[in-house]
Amino acid sequence: MTFLRSPPARWFLAAALAVYLLLSPLLAVFEMGWPNVLALLPISVTAFGCCVWVLRGRGERRNAWLLAGVLTGGLALHAISRYSGMGFLYFVVFAAPFRTRFWPAVLLVTADLAGTTAVSLLVIGLRGWEVWGNLLGLTYVAVLVFLVRHVRTTREHAAALAEARAGEAVLAERARLAREVHDILAHSQSAQIVHLEGARLLLERGDDPAAALDRVNRAVRLARAGLEETRRALDALRGQELPLAERLERLAVEFRSVTGASCAVSVAGDLDSLEAGARLAVARTAQEALTNVRKHAPGAAVSVALRRVGRWCELEVRDTGGPPGSSGSPGSPGGGYGLVGMRERAELIGGSLAARPGAEGFEVLLRVPA
């Protein structure tokens, strides 16, 4: 196909087409004598010019009118000298499906078949297989060309659909990345601002420099943790994240080291088939739930259970409730604490998230497709 697009091939094809279209009218001139030149050549040259314009032009409506001119010229030549206009009649059948819209092409091809048959029968008096041979030849070419047009149109639609889906996938990936980075930064930076603002107030009043330093240190730890979480999110989006069991165990170790309370992790079932979005939702929900327990139910023991149930993967995080005087569990009045964002994340991948008071404290249940 690349060879056909080269300049030498194009010039050769153009010359072959010119010979094909003009040879029959010229032979008819020689057969009928030079007095008939004024009748044949102007029609031939006009029809040939319309053919060239059709091949070079891209306007579908204009091409339809030009092909109508070619059809008229071909029928006129056929009526003056039998078969001298057949090249132009076949050109209409070949070009109409590719140079005009579908219905104008159908009308042109139908007019071509009907006109050729009518001229053959009524004007030049052809009979029998001469008429049917021309009609069958034009019909065969018309069916073949329309099939080729259908295949090309189907491929173009498939390519456009694939391109659109690829664009949607890119946009979805960008949205997911933006959501991950937003969640991490919103969580870590808001906590940093709280600690730094507290340190600023303590320093302004000169109350307790040690407490101010402690808040600054906490803000530094949060900044480092936020940077680490951003790296983890990017690795997850690239498919390079740690296995879920290991990620949950790391979160539990971090929880135990910070709070001194117990955090048990249990994993059951085959979770290798989870998609990246589902794995990320599980890890982020577990992190958010443990963070909420640490903030709003200090001292509470936690259990984290990850299991596969049929075609679903379930993550359940339960705490035993904080000691008297704590601010309560994550779902208590005035709460929220990021669980709304986790619920939206789960719903985006076809899952669900429920957060409700339990027998002792509070429990979070995430379900994502497995």
Side-chain angles (χ1 to χ4, degrees), residues 157-158 160-188 226 229-252 263 265-293 302-319 329-331 335-358 362-370:
H157 288 171
L161 181 60
E163 184 178 357
R165 288 179 176 174
E168 291 176 358
V170 171
L171 292 177
E173 188 69 14
R174 289 177 179 175
R176 187 158 62 118
L177 177 59
R179 189 168 56 251
E180 288 303 316
V181 174
H182 172 270
D183 290 345
I184 293 170
L185 295 180
H187 173 75
S188 63
E229 283 303 314
T230 302
R231 290 174 178 170
R232 289 180 184 175
L234 294 175
D235 289 340
L237 291 172
R238 298 189 188 103
Q240 300 173 352
E241 79 275 20
L242 294 173
L244 268 179
E246 187 173 347
R247 294 193 68 179
L248 294 180
E249 189 59 42
R250 288 193 177 189
L251 290 174
C263 181
V265 176
S266 63
V267 179
D270 181 16
L271 304 174
D272 293 337
S273 61
L274 282 180
E275 295 183 353
R279 294 195 300 269
L280 199 55
V282 169
R284 293 288 293 137
T285 301
Q287 180 187 30
E288 186 67 30
L290 292 176
T291 300
N292 287 340
V293 173
V302 183
S303 63
V304 179
L306 181 64
R307 54 185 176 266
R308 178 162 183 168
V309 181
R311 63 186 186 90
W312 296 96
C313 173
E314 292 185 351
L315 172 72
E316 187 177 35
V317 181
R318 292 185 176 183
D319 66 76
S329 295
Y337 310 105
L339 291 179
V340 173
M342 297 299 102
R343 182 177 291 109
E344 293 175 352
R345 181 194 301 275
E347 292 173 352
L348 283 175
I349 59 174
S352 62
L353 184 140
R356 55 182 177 270
F362 199 78
E363 62 183 37
V364 175
L365 177 63
L366 170 72
R367 302 183 77 218
V368 295

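When a residue number appears, it is its place in the shown sequence, counting from 1.
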Novice: I need the Met342 CE to Asn292 CG distance, nearest 0.5 Å.
Specialist: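 Taking CE in Met342 and CG in Asn292, the distance rounds to 9.5 Å.
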Novice: Considering non-hydrogen atoms only, spot the tightest contact between Ala370 and Leu274 and give its length.
Specialist: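 Heavy-atom minimum between the residues: CA-CD2, 3.7 Å.
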Novice: With the side chain counted from C-beta on, respond yes when Val304 and Leu290 share a heavy-atom pair under 4.5 Å apart, and no when they do not.
Specialist: yes
Novice: Any sub-3.5 Å donor-acceptor pair from Arg343's side-chain atoms to Leu353's backbone N or O?
Specialist: yes
Novice: In Å, rounded to the nearest 0.5 Å, how long is the span from CG of Leu251 to CD of Glu246?
Specialist: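 Answer for the CG-CD pair, Leu251 versus Glu246, is 11.0 Å.
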Novice: Apply salt bridge (Lys or Arg N to Asp or Glu O under 4.0 Å) to the pair Glu275 and Arg279, showing each step before the final yes or no.
Specialist: CA-CA 6 Å; Glu275 295 183 353; Arg279 294 195 300 269; over 6 Å; no
Novice: Could you state the interatomic distance from CZ (Arg318) to CG (Leu365), rounded to the nearest 0.5 Å?
Specialist: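 Reported to 0.5 Å precision, the distance equals 9.0 Å.
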Novice: Got Arg307 and Glu316 here, is their nearest side-chain heavy-atom distance under 4.5 Å?
Specialist: yes
Novice: Tell me the closest heavy-atom pair linking Leu248 and Ala286, and the distance in Å.
Specialist: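 Nearest pair, atom of Leu248 first, then Ala286: CD2-CB, 3.5 Å.
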Novice: Less than 4.0 angstrom from a charged side-chain N to a carboxylate O is my criterion; do Arg165 and Glu163 meet it?
Specialist: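 No.
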Novice: Is Glu249 close to Leu244 at the side-chain level, that is, under 4.5 Å between some pair of heavy atoms?
Specialist: no
Novice: Do Leu306 and Cys313 have side-chain heavy atoms sitting under 4.5 Å apart?
Specialist: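 Yes, close enough: below the 4.5 Å cut-off.
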Novice: Arg367: what forms a side-chain hydrogen bond (donor to acceptor under 3.5 Å, both in side chains) with it, not counting sequence neighbours?
Specialist: Glu314
Novice: Tell me every residue that passes side-chain hydrogen bond (donor to acceptor under 3.5 Å, both in side chains) with Glu344, counting only those two or more places apart in sequence or in another chain.
Specialist: none
Novice: For Pro369 and Ala278, which heavy atoms make the closest approach, and how far apart are they?
Specialist: O-CB, 4.1 Å
Novice: Identify the heavy atoms of Trp312 and Gly351 that sit nearest to each other, and give their distance.
Specialist: CZ3-CA, 4.2 Å
Novice: Between atom CG of Asp319 and atom OG of Ser303, what is the distance when rounded to the nearest 0.5 Å?
Specialist: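 Reported to 0.5 Å precision, the distance equals 8.5 Å.
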Novice: Report the distance from atom CG of Leu366 to atom OG1 of Thr285, rounding to the nearest 0.5 Å.
Specialist: 4.5 Å
